[in-house]
Amino acid sequence: MTRESMADILDKIAQMLELKDENPFKIKAYRSGAEVVRSYPDDILQLAAEGKLTGIKGIGDALRDKLTELATTGKLGFYEELRQEFPASLFALFDIQGLGAKKIKILFRDCHISSIEDLQKACENNQISALAGFGAKTQTNILESIKRRHTYAAQFRLSTVTTIIDEYLDLLRDHPSTLRVAACGSYRRSKEVIGDIDLLVATSAPAEITAYVATFPGIDHILVHGDTKISVRLTNGPQCDVRAVSNRQFPFALQYFTGSKEHNVAIRQRALQRGWSLNEYGLTSTNENAEVIPEINEEKDIYAALGLSFIDPELRENLGEIDAAERNELPQLIQQENLRGTFHNHTTESDGKHTLAEMKAAAEELGLSYLGISDHSKSSFQARGLDEARLLGQIAEIRRMNEADDTFTLFAGSEVDILKDGSLDFDDEILSQLDYCVASIHSSFTMEEDTMTRRIIRAMENPHVTMLGHLSGRLLLQREAYSVNHAKIIDCAAETRTIIELNCNPRRLDMDWRWWRRARDKGVLCSINPDAHNVSQLQYLHFGIRLARKGWLRREDVINTKSRENITAFLQLPKDQR
DNA sequence: CTTTCTCTAAAGTGCACTGTGGCCAGTGC
């Protein structure tokens, strides 16, 4: 049982309750329970196993008991019974656009359709258009959607959508009726993966804008097109929704479409307490005794009206940001311009595409004043990892380059493999000659959680290990994280003064943002590292800043905000004095 | 099913768009 599989079961239950036409709020409770499980900032699996799921918002008596049963026995009777009622193949129908629980129920009950294949046959035999609530157009749309269903993924990495978002925002700004534009949704909140792209336009001519968007490049087909909203499927996969509102409505729509849903629900409740109703178009009084509504021109005015300091979009996950805003205790989040340098980068010496000199020049070009090099160690032979002799040669080369330049510092490091037993790929004699060392796992991914956690802890206990590389080993949308106990690793990092890396390669974004606040509160420092294998990947730092902000990190929590002088002194200190 | 300044009772976001069927319901966000 993992956190994710536990959440998936709750979502699956919600889907089945929907098919049974259950109380919509019960269904919602399971969905929101799944969300709580996914984002709870502690080891919720262990809490459940120990029967300690009390006082968690969104988890009441019923969900608490079910999660406890799941965590202790690995099974859930309620879920197993529910599953008997529907064939497993039925759930694929939810992926068909335009089909929801109501229609799927009709198909299953009245036509005994229980799979995509059944549905396709029925459409081809013209049986669907005759059903009540269906028609010829619906039948055609279902067939189209069945044929297209494997073409598009449901989620995308941040790096997949950044370029097209910038391009579309520019095009929207070009329209003469445009007053303001913004990207909203999970992109603005800097989630590690994005569902769809939400763009917002303040305009005096909404219908003109939606018609204009229909002509944009990179559109595969149009999903819906109305006077104030258009949804298109882009050729590189994501769906893009553009909404056109008036300039007066813009701040409300921006707040609303940025989400998260959970954050917005809490914000709306706050408005209701003041006698106001908040939606995407404005703030209105619900009764005559309500407080007077102040003038709203910007998003921050909405938060101010509700007695809150401005909540940065990255924090809007309903994970305590509203309480903190009320007490005026939100962190001053790190910004891109605070970065002075970075660690964990590769060169042609191992599996990088550019030389030491080229990487240095690129870092200077970006305005950085220091760069850490950490090529792979000898066990990563697939990546041409360096042995002791080559590493010593690289250290000497870095020292020579530093002597010839007093405006920029290269730090000699290594991304040293953590071997199966937790020992390191180089001995202490070699490690002590480095300026710093990143310890990472590149082999034996499938270990029991306890064994893996002990393996990493043993590496962190080494006084030469400056920081831990990509903690979970996940590759977003591609490879699962290995089993590792984040909470224990964070505790160990705090004790041993080991820095944890925020690997900001958009395929990794590891350690996950959900753990950073906890780490920060225990005094663990972060290093934002691009894991660059060529010069252009140094730009990944900008994803790192976004995810660090999402993890509530401030300038002082991140070592690469230190000046060149300070970081040099810092790295020379013994680990336990850092 | 969960939460709550009505606490063994009630409330819980609300709208655009589409297609169908007759002035609405389902879907999706």
Side-chain angles (χ1 to χ4, degrees), chain A residues 10 13-15 17-36 53-67 78 93-107 128-142 144-145 154 184-186 194-200 206-207 210 222-233 239-245 249 252-253 255-284 286 318:
Chain A
L10 295 186
I13 289 174
Q15 214 164 38
L17 295 178
E18 236 181 336
L19 284 174
K20 291 177 63 132
D21 229 351
E22 261 282 6
N23 176 351
F25 297 108
K26 191 193 240 185
I27 295 162
K28 219 168 112 181
Y30 278 95
R31 291 243 154 81
S32 80
E35 218 31 64
V36 170
L53 289 180
T54 46
I56 298 178
K57 235 180 150 131
I59 308 286
D61 294 350
L63 282 177
R64 180 201 59 212
D65 291 348
K66 291 187 173 76
L67 291 177
F78 177 68
L93 266 57
F94 280 96
D95 295 337
I96 306 298
Q97 220 153 37
L99 286 189
K102 296 270 166 58
K103 287 198 159 139
I104 292 174
K105 196 174 133 194
I106 293 172
L107 293 169
I128 298 301
S129 59
L131 291 171
F134 294 72
K137 182 83 187 173
T138 308
Q139 183 170 280
T140 318
N141 287 347
I142 289 174
E144 280 264 302
S145 179
C184 314
S186 48
I194 305 297
D196 58 9
I197 299 172
D198 288 299
L199 304 181
L200 183 66
T210 59
I222 292 171
L223 296 162
V224 295
H225 179 177
D227 284 347
T228 61
K229 156 179 158 182
I230 177 167
S231 294
V232 300
R233 177 67 68 180
Q239 178 178 326
C240 175
D241 299 345
V242 183
R243 299 160 207 261
V245 298
Q249 291 166 341
F252 300 101
Q255 197 283 327
Y256 180 81
F257 291 121
T258 297
S260 67
K261 198 168 63 185
E262 292 76 18
H263 173 88
N264 284 353
V265 167
I267 290 290
R268 277 193 301 267
Q269 277 168 356
R270 231 183 135 79
L272 282 171
Q273 286 167 9
R274 286 172 153 68
W276 302 334
S277 164
L278 175 66
N279 65 19
E280 63 261 55
Y281 302 111
L283 202 50
T284 49
T286 54
N318 199 27

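Here is the naming used below: chain letters follow the sequence lines, and residue numbers restart at 1 for every chain.
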On a heavy-atom basis, the closest approach of L223(A) and Q97(A) is CD2-OE1, 3.3 Å
Sugar-phosphate, base or nothing in reach of K261(A), heavy atoms under 4.0 Å = nothing
Mind checking G133(A) for me? I need base, sugar-phosphate or nothing, with any heavy atom below 4.0 Å counting as a touch.
-> sugar-phosphate
Using modelled atom types only, decide if a donor and an acceptor are shared between the side chain of S231(A) and the backbone of V224(A) within a distance under 3.5 Å.
-> no
Heavy-atom nearest pair, I13(A) first then F78(A), reads CG2-CE2, 3.7 Å
C1' spacing across the pair dT13(B) / dC29(B), given as an integer number of angstrom = 11 Å
Nearest-Å distance once atom P is located in both dC1(B) and dT6(B) | 24 Å
Looking at the angle O4'-C1'-N9-C4 for a purine or O4'-C1'-N1-C2 for a pyrimidine, is dC23(B) syn or anti, with syn meaning within 90° of 0?
-> syn
Which part of the nucleic acid, if any, lies within contact of N141(A), taking any heavy atom under 4.0 Å across all strands shown: a base, the sugar-phosphate backbone alone, or nothing?
-> sugar-phosphate
Exactly one candidate in E280(A), Q255(A), Q269(A) meets side-chain hydrogen bond (donor to acceptor under 3.5 Å, both in side chains) with N264(A); the answer is Q255(A)
Classify the nucleic acid contact of Y256(A) as base, sugar-phosphate or nothing, counting any heavy atom under 4.0 Å across all strands shown.
-> base
In this structure, which one of K105(A), K103(A), R31(A), K102(A) forms a salt bridge (Lys or Arg N to Asp or Glu O under 4.0 Å) with E18(A)?
-> R31(A)
Between dG14(B) and dC7(B) - C1' atom distance, rounded Å = 27 Å
Toward the 5' end of DNA chain B, by each residue's nearest nucleotide, V265(A) or I27(A) | I27(A)
Is L99(A) touching bases, backbone alone, or none of the nucleic acid, heavy atoms closer than 4.0 Å?
-> sugar-phosphate
Answer with base, sugar-phosphate or nothing: what part of the nucleic acid does K105(A) contact at a heavy-atom distance below 4.0 Å?
-> nothing
Expressed in whole Å, how much space separates the P atoms belonging to dT18(B) and dC5(B)?
-> 40 Å
With sequence neighbours excluded, tell me which residues meet side chain to side chain contact (heavy atoms under 4.5 Å, CB included) with D196(A).
-> D198(A), Q239(A), D241(A)
Please find the earliest and latest nucleotides of DNA chain B, in the 5' to 3' direction, that have an atom within less than 4.0 Å of any heavy atom of chain A.
-> dC1(B) to dC29(B)
Which pairs count as salt bridge (Lys or Arg N to Asp or Glu O under 4.0 Å) when at least one residue sits in residues 257-272 of chain A, sequence neighbours excluded?
-> R270(A)-E326(A)
Inter-nucleotide C1' distance (dG19(B), dT8(B)), Å rounded | 45 Å
Same-atom distance (P) from dG21(B) to dG26(B), integer angstrom = 12 Å
Nearest nucleotide by nearest heavy atom, which residue falls closer to the 5' end of DNA chain B, D227(A) or S277(A)?
-> S277(A)
What interatomic distance, in whole Å, is found between C1' of dA25(B) and the corresponding atom of dT20(B)?
-> 9 Å
